[in-house]
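Only this structure's heavy atoms are used, side chains among them; waters, hydrogens and symmetry mates stay out. All values reported here derive from a predicted model rather than from experimental measurement. Starting from 1, each residue takes its place in the sequence as its number. Order of appearance sets the numbers: ligands from 1, and atoms from 1 within every ligand.
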Amino acid sequence: MAEFTMELNDEQKEVRDWLHGFAADVIRPAAAEWDEREETPWPVIQEAAKVGIYSLDFYAQQYFDPTGLGIPMTMEELFWGDAGIALSIVGTGLAAVGVLANGTDEQIGTWIPQMYGDQNDVKVAAFCSSEPDAGSDVASMRTRAVYDEAKDEWVINGTKTWATNGGIANVHVVVAVVDPELGSKGHASFIVPPGTPGLSQGQKFKKHGIRASHTAEVVLDDVRVPGSCLLGGKEKLDERLARAREKARAAGGERLKNAAMATFEASRPAVGAMAVGTARAAYEVALDYAKTREQFGRPIIDNQGVAFQLADMRTRIDAARLLVWRASWMAVNGRPFTAAEGSMSKLYASETAKQVTAQAIQILGGNGYTREYPVERMHRDAAIYTIFEGTSEIQRLVIARTLSGMPIR
Ligand SMILES: Cc1cc2nc3c(=O)[nH]c(=O)nc-3n(C[C@H](O)[C@H](O)[C@H](O)COP(=O)(O)OP(=O)(O)OC[C@H]3O[C@@H](n4cnc5c(N)ncnc54)[C@H](O)[C@@H]3O)c2cc1C
């Protein structure tokens, strides 16, 4: 187990500087254009693939970094460049993690390369869990997967929504109900391979922020996938369901219904790190502006009203990063989240990004309110962090339940 450290080692610093260079030279200059176009920035993803930032190897290296700092460092730098483009780059990684965490070695080897494609023909992947009636309440999921034993195939029916890269992905990872009696414990994840009949894109959403990232409904109409597409395999699923049925009998079902809220504890710090990247970007623009913009014959930072805001912004950003790094280290080193530290990090960092980007607009005055400067885009982008991967209210619920041991509603 690695000791918790607040300092990047030399190798990590090198990677961070390399990522920062890409974010500054390639992502940031393209940000405004792709925000306006509201389209997936394929040329930027391809550029990232060419230099090695868009690849399984790179993310696996960061994901398994024992210090836990690899993923937060990566997210912070890329999202510092631009949140919409960065999500287009790392969105595939979110689906790949689903396969890495639950798949067999064979599934990992077969599907993850197809999620990324190669530098001449880049592909993306999608992770589809949310549904129109199952957002925060994951246990209400309706998409159903039924096993056809005669053909050794799973038949999937349902509608997914809010899927990042949904419909344009080469590989979709779809969460579906296999045993409706077990709430979220009766869910399983499936690979839907490229070109599978029955999977189609529904509505593409026009969004407030992260507009370079494609978000859409995914319709599954009698989608048939081979038995080998069940992540983890049938034997493991049957064992897991048997254990869950046993527990449900003992606990009367109530506890299992709510279990899903805590399942993302380990992945939440990564979203916190994205928020830190956006907040830091807006803070830096505001600091530069406050030092150079003059009113009443002196730079506006000469006023405590402005300088103190910047002091608060930076303090919050550093505090958010520390929470993110701690939770990420805990996740990698298998430390139990006894105080829901993963949720804490995501809650604080996402609220920080919203607040800091709003303050940045205020510090830039009229310019902050225009698209000539990037802080209004950063503020629109920041709003997503308090919504996806569990809203702020759900983070508070998880933290409060974990601390109290009470079924707080
Ligand atoms: C841009 C974008 C990208 C996304 N990408 C993906 C993706 O790739 N894959 C995927 O599966 N999903 C994705 N999502 C879905 C996202 O995770 C959900 O939007 C989120 O979980 C919230 O669900 P909901 O939108 O249905 O809101 P709801 O659950 O309907 O919540 C509405 C409001 O009610 C509050 N609320 C709900 N229940 C409680 C409660 N018990 N206590 C207090 N307050 C409560 C919420 O906090 C929120 O403020 C994405 C969403 C967006 C907007």
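An N or O contact shorter than 3.5 Å is missing between Thr215 and ligand 1 by distance. Between Thr161 and ligand 1, no pair of N/O atoms sits closer than 3.5 Å. Where the criterion is an N or O separation shorter than 3.5 Å, residue side chain and backbone included, Glu131 fails it with respect to ligand 1.
Salt bridge annotation for Lys13-Asp17: absent, with no cationic side-chain nitrogen under 4.0 angstrom from a carboxylate oxygen. In this structure, Lys234 does not pair ionically with Asp152, as no charged nitrogen and carboxylate oxygen lie closer than 4.0 Å.
Relative to the six-membered ring of Trp34, Arg37 meets both conditions, a distance below 6.0 Å and an angle of at most 45° to the axis. Judged by the 6.0 Å and 45° rule, Arg280 forms no cation-pi pair with Phe79.
Heavy-atom contacts of Ile384 reach the following atoms of ligand 1: 1 (C), 2 (C), 52 (C), 53 (C) (cutoff under 4.0 Å). Every atom of ligand 1 with a heavy atom of Lys207 under 4.0 Å away is listed here by number and element: 1 (C). Interface of Leu397 with ligand 1, defined as ligand atoms under 4.0 Å from a residue heavy atom, comprises 41 (N). Interface of Glu389 with ligand 1, defined as ligand atoms under 4.0 Å from a residue heavy atom, comprises 17 (O). For ligand 1, the atoms sitting less than 4.0 Å from at least one non-hydrogen atom of Glu393 are 43 (C), 44 (N), 46 (C), 47 (O), 49 (O), numbered in the order shown with element in parentheses. Interface of Thr164 with ligand 1, defined as ligand atoms under 4.0 Å from a residue heavy atom, comprises 3 (C), 4 (C), 5 (N), 6 (C), 7 (C), 8 (O).
Judged as a salt bridge (Lys or Arg N to Asp or Glu O under 4.0 Å), and not counting sequence neighbours, the contacts of Asp133 are Arg142. In terms of the salt bridge (Lys or Arg N to Asp or Glu O under 4.0 Å) criterion, Glu341 has no residue partners (sequence neighbours excluded).
Side-chain atoms of Asp65 and Thr67 include a donor-acceptor pair closer than 3.5 Å.
Distance NE2/His172 to CG/Leu220: 8.0 Å, rounded to 0.5 Å.
Looking at Ser136, Gly135, Ala134, it is Ser136 that brings a heavy atom closest to atom 28 (P) of ligand 1.
Residue-level proximity to ligand 1 for Ile210 is carried by the side chain, the only part with a heavy atom below 4.0 angstrom.
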